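Heads up: the structure comes next, in structure tokens.
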Amino acid sequence: MSSELYHNIYAVVKSIPFGKIATYGQIAALAGLPGRARQVGYALHALPDSSDIPWHRVINAKGEISIRSDPLYADIQRHLLESEGVVFNSQNRIPLPDYLWMSRI
DNA sequence: GCAGTGACTAGTA
DNA sequence: ATACTAGCCACTG
């Protein structure tokens, strides 16, 4: 099932540049779903692995990788991000001001 | 149709 | 810094 809003979410995620990240809340707001960050997570969850959507560039508001039912994906996501030059700090977090796609200001 | 779940977030303590 | 809470709403059984 692919509603127009889901399509919108995917379009926004696709527009995140290489080496940059965005939060679920940002994606929701840009896709016309202010305050519905959970729906972004659900939309990405419904994505097939073969998708060309850069889902790994979406992280939570703390700069951490959100764990799915299968924790294996956290490793995959981290690896994908590191291959794009994203550096994690000592707490396994991404310094948001350094890599955030769009400023929160 | 109702209740539980979840790749979330901002607020409060 | 961590822990808990309310709000959020599509999806699932």
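The chains referred to below are lettered A, B, ... by the order of the sequence lines, with proteins before strands, and numbering in each begins at 1. As the structure is a computational prediction, the values presented were derived from the model and not from experiment.
Summarising the geometry, the separation between CD on A/E4 and P on C/dA10 is reported as 15 Å, rounded to the nearest angstrom. Rounding to whole angstrom units, CD1 of residue A/I27 and P of C/dA10 are separated by 18 Å. Nucleotide B/dA10 holds its P atom 10 Å from the CG atom of A/N60, rounded to whole Å. Rounded to a whole Å, the CG atom of A/D70 is 11 Å from the P atom of B/dA7. Between the CG atom of A/L96 and the C1' atom of B/dC8 there is a distance of 14 Å, rounded to whole Å. For the pair A/E64 CD and B/dA7 C1', the computed distance is 13 Å after rounding to whole Å. Distance A/R93 CZ to C/dA1 C1': 10 Å, rounded to the nearest Å. Atom-to-atom, CZ of A/R68 to C1' of B/dC8 comes out at 15 Å; the value is rounded to the nearest Å.
Inter-residue side-chain proximity for A/Y73 and A/D49 is flagged as met; some heavy-atom pair is nearer than 4.5 Å. In this structure the side chain of A/N60 reaches within 4.5 angstrom of the side chain of A/Y24, judged on heavy atoms. By the 4.5 Å heavy-atom criterion applied to side chains, A/T23 and A/I27 are not counted as neighbours. Side-chain contact check for A/K20 versus A/V86: every heavy-atom pair is 4.5 Å or farther apart.
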Please output the side-chain donor-acceptor pairs of residues 87-98 of chain A that fall under 3.5 Å, not counting sequence neighbours, one pair per line with the distance.
| unit_1 | atom_1 | unit_2 | atom_2 | d |
| --- | --- | --- | --- | --- |
| A/N89 | OD1 | A/Q91 | N | 2.9 |
| A/N89 | OD1 | A/N92 | N | 3.4 |
| A/N89 | OD1 | A/R93 | N | 2.9 |
| A/N92 | OD1 | A/R78 | NH1 | 2.6 |
| A/R93 | NH1 | A/K62 | O | 2.5 |

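The stretch residues 73-89 of chain A does not touch DNA chain B, since none of its heavy atoms comes less than 4.0 Å from the strand. Across residues 37-50 of chain A, A/A37, A/R38, A/Q39, A/G41, A/L44, A/H45 each have a non-hydrogen atom less than 4.0 Å from an atom of DNA chain B (numbered order).
Comparing C/dC8, B/dA10, C/dA1 against the side chain of A/Q91 picks out C/dA1 as the nearest. Counting only heavy atoms from C-beta on, A/Y6 has its side chain closest to C/dA10 among C/dA10, C/dA1, B/dC8.
A/L80 and A/I16 end up in the same hydrophobic cluster when Ile, Leu, Val, Met, Phe, Trp and Tyr side chains are linked at under 4.5 Å.
Across all strands, A/I67 comes closer than 4.0 Å only to sugar-phosphate atoms, never to a base (heavy-atom distances). Heavy atoms of A/R36 sit under 4.0 angstrom from primed sugar atoms or phosphate atoms, though from no base atom.
Under a 3.5 Å cut-off, the side chain of A/Q77 and the backbone N or O of A/H56 do form a donor-acceptor pair. Checking side-chain atoms of A/Q26 against main-chain N and O of A/M102 turns up a donor-acceptor pair under 3.5 Å.
In this structure, A/Y10 and A/Y6 have perpendicular ring planes: the angle between them is above 60°, well past the 30° mark.
A/T23 has no side-chain polar atom (N or O) that falls below the 4.0 Å cut-off from OP1 or OP2 of B/dC8.
For B/dA7 and C/dG7, the P atoms lie 22 Å apart once the distance is rounded to whole Å.
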